[in-house]
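Predicted model, so just to flag it, every value in this text is computed and none were measured.
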Amino acid sequence: MLIRRANDIPSSEITDEKLYLNRRRFIQAASSGALAFSALAGAARAEEWKPKSKGPYDTDEELTPYDDVTTYNNFVEFGPGKDDPSKNARTLRVKPWSVKVEGEVKRPATYQLEDLLKPFTLQDRIYRHRCVEAWSIVVPWLGFPLGDLIKRLEPTTKAKYVEFTTLLAPDQMPGQRRNLLPWPYVEGLRMDEAMHPLAILSVGLYGKPLPNQNGAPLRLVVPWKYGFKSTKSIVKIRFQEQQPRNTWAVQAPREYGFYANVNPDVDHPRWSQARERRLGEFFRRKTLMFNGYADQVGQLYRDLDLRKNF
Ligand SMILES: Nc1nc2c(c(=O)[nH]1)N[C@H]1C(S)=C(S)[C@@H](COP(=O)(O)O)O[C@H]1N2
Ligand SMILES: [Mo]
């Protein structure tokens, strides 16, 4: 067996190894209960991130650079502009963090985030993400299936929907000191959507903890729906019989519905949804039905009129 001295190793391998170790440390820390964000200081550049192997849900499209994913955001709690969240979100305190589980569920409680995450192994999921404003990105999220958590929480037979609520903290979130939206931000899914293996809860991207502007420390990712379904900085998960009154549908019911499935055939009243701009690209591309996930999720909506239920 060939033993190489450290200075024989090409620098590209050293970088990969460092990145790998950092990722492992994060995953271990996250799943062992101590979200040791500081262990990641000095992590290698996210652009050099590589998945270990491609999973069945991963797209092989080109990843959107880390800097775009973390500086072009919608998170109205930190302001209405795309560059407001990355400028303003450092005031969000993500430790300690707890999540209240309530409603039609057998294990209602307020869980410390570490305890909520403990049973799960974090996975990388490379998803397309399509905003209702016709831009899109490709992101390697780090997370676990929402359905795995729901099974552990044991909803009752009355639970038909699950609702997600963002932190309400005007002292930390300057956008909440303004009348931009009804606060706190609320979203929801039908139970069968929530149980679909594509729907995940994310704690990181590019193998690193979520930046605050991307919804730290816990956010939803539902890749076949417009981005506004993906509630950020979640503090409450509620199981219920009635359909949640999601924030954007309350704010502008003609423009935003409950389902928000990506659909190139149903235009927003003020713009077309047929095309989208992938951040970093010049030419627009065609938007795909269910954001390209039609084979996986189409059957969830076979009895639904998607023009009425947009
Ligand atoms: N609490 C909260 N969650 C939110 C939003 C928001 O304004 N507040 N914006 C949504 C919208 S419109 C999109 S497109 C995505 C953006 O996620 P990203 O910044 O990680 O790309 O977050 C969603 N989740
Ligand atoms: Mo969005």
Exercise. Just how far is it from atom CH2 of Trp49 to atom CG of Leu63, taken to the nearest 0.5 Å?
Worked result: 6.0 Å
Problem set entry | Val222-Val262 co-clustered via ILVMFWY side chain contacts under 4.5 Å | no
For this session: Dump the intermediate steps for ring pair (Phe, Tyr, Trp, His ring centres under 6.0 Å) on Phe290 and Tyr293, then the final yes or no.
Result: CA-CA 5 Å; Phe290 297 114; Tyr293 300 97; 9.7 Å; no
For this session: Measure from NZ or CZ of Arg125 to the centre of the six-membered ring of Phe144 and say whether it is under 6.0 Å with the direction within 45° of the ring axis.
Result: no
Problem set entry | Ala249 to Gly257 - nearest heavy-atom pair and separation | CB-O, 3.9 Å
Exercise. Are side-chain heavy atoms of Ser98 and Val235 found at a separation under 4.5 Å?
Worked result: no
For this session: Flag the pair Thr165 / Ile234 as yes when at least one side-chain heavy-atom distance between them is below 4.5 Å, and no otherwise.
Result: no
Problem set entry | Thr287 vs Gln273, side-chain contact (heavy atoms from CB on, under 4.5 Å): CA-CA, chis, key distance, verdict | CA-CA 7 Å; Thr287 287; Gln273 293 291 22; 5.7 Å; no
Exercise. So do Leu205 and Thr70 actually touch side chain to side chain, heavy atoms under 4.5 Å?
Worked result: yes
Exercise. Heavy-atom count around Arg177 CZ within 6.0 Å, excluding the residue itself: above 12?
Worked result: yes
For this session: Check the pair Val221, Tyr127 against side-chain contact (heavy atoms from CB on, under 4.5 Å), reporting the backbone distance first and the verdict last.
Result: CA-CA 9 Å; Val221 178; Tyr127 284 164; 3.6 Å; yes
For this session: Would you confirm whether Asp68, through its side chain, and Gly280, through its main-chain N or O, come within 3.5 Å as a donor-acceptor pair?
Result: no
Problem set entry | side-chain contact (heavy atoms from CB on, under 4.5 Å) between Glu104 and Thr157, worked out | CA-CA 8 Å; Glu104 292 294 341; Thr157 52; over 6 Å; no
Problem set entry | Asp58 side chain vs Ile126 backbone, donor-acceptor pair below 3.5 Å | yes
Exercise. Honestly curious: do Trp183 and Met173 fall in one hydrophobic cluster under the side-chain, below-4.5 Å linking rule?
Worked result: no
Exercise. Are Lys208 and Tyr66 in a cation-pi contact, defined as NZ or CZ under 6.0 Å from the six-membered ring centre and within 45° of the axis?
Worked result: yes
Seminar exercise, completed: Given the options Asn261, Leu220, Asn246, Lys229 meets side chain to side chain contact (heavy atoms under 4.5 Å, CB included) only with Asn246
For this session: Would you indicate whether the side-chain heavy atoms of Pro108 and Lys100 approach each other to under 4.5 Å?
Result: no
For this session: From the options Arg278, Arg285, Arg284, select the one residue that forms a side chain to side chain donor-acceptor pair (under 3.5 Å) with Glu281.
Result: Arg285
Exercise. Taking the side chain from Gln123 and the backbone from Pro145, do they hold a donor-acceptor pair closer than 3.5 Å?
Worked result: no
Exercise. Take atom NZ in Lys54; do more than 12 heavy atoms of anything else shown fall under 6.0 Å from it?
Worked result: yes
Problem set entry | Joint cluster assignment, Leu304 & Phe310, ILVMFWY side-chain distance < 4.5 Å | no
Problem set entry | Pro182 to Val250 - nearest heavy-atom pair and separation | CG-CG1, 4.3 Å
Exercise. Any ion pair linking Lys95 and Glu114 (charged N to carboxylate O, less than 4.0 Å)?
Worked result: no
Exercise. Is the shortest heavy-atom distance from the side chain of Trp97 to the side chain of Ser233 under 4.5 Å?
Worked result: yes
Problem set entry | Spatial distance of atom OG1 (Thr231) from atom CZ (Arg219) [nearest 0.5 Å] | 9.0 Å
Problem set entry | Arg152 and Glu154 ion-paired at < 4.0 Å | no
Problem set entry | Name of the residue among Gln213, Lys232, Lys82 meeting side chain to side chain donor-acceptor pair (under 3.5 Å) with Asn74 | Lys82
Problem set entry | 4.5 Å side-chain heavy-atom contact, Trp248 and Val76 | yes
For this session: Considering non-hydrogen atoms only, spot the tightest contact between Val138 and Thr64 and give its length.
Result: N-OG1, 2.8 Å
Problem set entry | Arg307 side chain to Asp265 backbone, donor-acceptor under 3.5 Å | yes
Exercise. Between the side chains of His268 and Glu255, does any donor sit under 3.5 Å from an acceptor?
Worked result: yes
Exercise. Under 6.0 Å from the six-membered ring centre of Phe239 and within 45° of its axis: does the NZ or CZ of Lys160 meet both?
Worked result: no
For this session: Drop me the distance from Asn73's CG to Ile137's CD1, to the nearest 0.5 angstrom.
Result: 7.5 Å
Exercise. Is the number of heavy atoms from other residues, nucleotides or ligands under 6.0 Å of Glu62 CD greater than 12?
Worked result: no
Problem set entry | Pair Glu276-Ser136, side-chain donor/acceptor within less than 3.5 Å | yes
Problem set entry | Shortest non-hydrogen contact between Val132 and Trp271, atoms and distance | O-NE1, 3.0 Å
Problem set entry | Residues Lys87 and Asp83 bridged, charged N to O under 4.0 Å | yes
For this session: Report the distance from atom NZ of Lys118 to atom CG of Leu113, rounding to the nearest 0.5 Å.
Result: 11.0 Å
Problem set entry | Asn309 vs Phe258 side-chain heavy atoms within contact, under 4.5 Å | no
For this session: Tell me, with the steps shown, if Leu92 and Val94 meet side-chain contact (heavy atoms from CB on, under 4.5 Å).
Result: CA-CA 6 Å; Leu92 175 67; Val94 298; 3.8 Å; yes
Exercise. Closest approach of Ala199 and Ala194, non-hydrogen atoms and distance?
Worked result: CB-O, 4.0 Å
Exercise. How long is the span from the CD atom in Glu77 to the CG atom in Leu181, to the nearest 0.5 Å?
Worked result: 7.5 Å
Exercise. Is there a side-chain contact between Glu163 and Glu187 (heavy atoms, below 4.5 Å)?
Worked result: no
Exercise. Take atom CG in Asp305; do more than 12 heavy atoms of anything else shown fall under 6.0 Å from it?
Worked result: yes
Problem set entry | Residues Asp192 and Arg190 bridged, charged N to O under 4.0 Å | yes
Exercise. About how many Å separate CG of Leu149 and CG of Leu218, when rounded to the nearest 0.5 Å?
Worked result: 8.5 Å
Problem set entry | Trp224 versus Tyr301, side-chain donor and acceptor atoms under 3.5 Å | yes
Problem set entry | Verdict with supporting geometry, Tyr226 and Tyr259, ring pair (Phe, Tyr, Trp, His ring centres under 6.0 Å) | CA-CA 9 Å; Tyr226 292 119; Tyr259 282 94; over 10 Å; no
For this session: Give the cluster check for Ile200 versus Met191: same hydrophobic cluster or not, with ILVMFWY residues linked at side-chain heavy-atom distances below 4.5 Å.
Result: yes
For this session: Quick one: sort the Trp141 and His129 rings into parallel, tilted or perpendicular, breaks at 30° and 60°.
Result: tilted
Problem set entry | Which atom of Ser202 lies closest to which atom of Gly204, heavy atoms considered | OG-O, 2.9 Å
Problem set entry | Donor-acceptor contact present, side-chain Asn88 to main-chain Phe78, <3.5 Å | yes
For this session: Decide whether Tyr185 and Leu168 are clustered together by the hydrophobic rule: side chain heavy atoms of Ile, Leu, Val, Met, Phe, Trp, Tyr closer than 4.5 Å, transitively.
Result: yes
